[in-house]
Amino acid sequence: MSETPVHERILSERHGAVLALRFNRPEKKNALTVNMYELMLAQLAAAAADDSIRVVLIGGAGGSFTAGNDLMDFMGQPPTGTDSAVFRLLLALLDFDKPVVTAVEGPAVGIGVTMLLHTDLNYAKADAKFQMPFVSLGLCPEAASSLLLPQIMGFAKASELLLLSERFNGTEAAKYGLVNEAIEGDVFAHALAKAQRLAEMAPQSVRASKKLIRDPVREKVRETFWTEGAVFIERLGSAEAAEAFQAFFEKRKPNFK
Ligand code: COA
């Protein structure tokens, strides 16, 4: 499969008052590069300023949500601090005052899972493939997931998914409370219908209510975000991460002995 041109890696389309954004790099299962984060940031900033957009819908093209951060990019342009695109995108979602709906199918890995902690309504295909392989990559949780996942699903399940990096499907994600619903059919159409319903609601009331839901934990989330971020940056430079990343590209098991 040929490389998707950089400027086409985020697709945007309007459905009335809903702006749909789709990760579009199917040849790499929509793995996200710094450039893709910048494109998403620009789209979100424009959507925030545009009164005709009431809801943002995020999905993936080509049968994948996203395989997470591009591992080559992580090695070549690792996040180093508050200016880093991956952190800025996650914070933009955390502070986005209009509702965000997601449609998840195929792989949803790493940030493909943790971003769902900061979006409002999440829908997944029953057979979507979720994984947070931070520890198996020699890294650590991100995006305040060490705080929010135990709140959502309890310490036991959150520890299993984070420490063992276990895979789970859309049906399980719904059972754990990570997504609203797992469905068998066209998840993008389903999520779009929910987004359009949301777009018909009183917009100021929706935004005020979103703020009320998120505000009580916002500062704690932000504090945890940066505590994790510092460890994440340290881990990215570790020998464990170097071995894990190399093993991925060599299609072998990492050796942490
Ligand atoms: N970074 C860079 N390249 C990635 C990638 C990533 N996160 N995820 C997938 N790719 C690439 C693969 O290397 C492969 O490239 P190639 O065709 O040049 O060999 C291509 O995308 C297709 O991936 P493949 O592994 O063959 O697809 P799959 O359907 O068998 O598996 C995944 C899909 C997502 C389960 C698997 O690719 C995977 O585990 N990716 C890594 C996910 C990850 O660790 N993300 C970072 C989290 S912090």
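Predicted model only: the values in this text are computed from it and were never measured. Ligands are counted one by one from 1 in listed order, and the atoms in each one are counted from 1 as well.
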Just the distances, no angles: every ligand 1 N or O to protein N or O pair closer than 3.5 Å, one line each.
{"residue": "ligand 1", "atom": "1 (N)", "partner": "L71", "partner atom": "N", "Å": "2.8"}
{"residue": "ligand 1", "atom": "7 (N)", "partner": "A67", "partner atom": "O", "Å": "3.2"}
{"residue": "ligand 1", "atom": "7 (N)", "partner": "N69", "partner atom": "O", "Å": "3.0"}
{"residue": "ligand 1", "atom": "15 (O)", "partner": "K28", "partner atom": "NZ", "Å": "3.3"}
{"residue": "ligand 1", "atom": "18 (O)", "partner": "K28", "partner atom": "NZ", "Å": "2.8"}
{"residue": "ligand 1", "atom": "29 (O)", "partner": "K29", "partner atom": "NZ", "Å": "3.3"}
{"residue": "ligand 1", "atom": "45 (N)", "partner": "A67", "partner atom": "O", "Å": "2.8"}

**Request:** Please confirm whether the backbone N or O of L116 pairs with a side-chain atom of N122, one donor and one acceptor, at under 3.5 Å?
**Result:** yes
**Item:** Partner residues of R207 under the salt bridge (Lys or Arg N to Asp or Glu O under 4.0 Å) criterion, sequence neighbours left out
**Value:** none
**Message:** If the test is side-chain contact (heavy atoms from CB on, under 4.5 Å), which one of L161, V104, N169 qualifies with F130?
**Reply:** V104
**Asked** Just checking, any donor-acceptor pair under 3.5 angstrom between side chains of N35 and T33?
**Response** no
**Complete:** Between L39 and the options I10, L89, V34, the side-chain contact (heavy atoms from CB on, under 4.5 Å) test singles out I10
**Request:** Give a yes/no verdict on a cation-pi contact between R22 and F188, requiring under 6.0 Å between NZ or CZ and the six-membered ring centre and an angle within 45° of the axis.
**Result:** yes
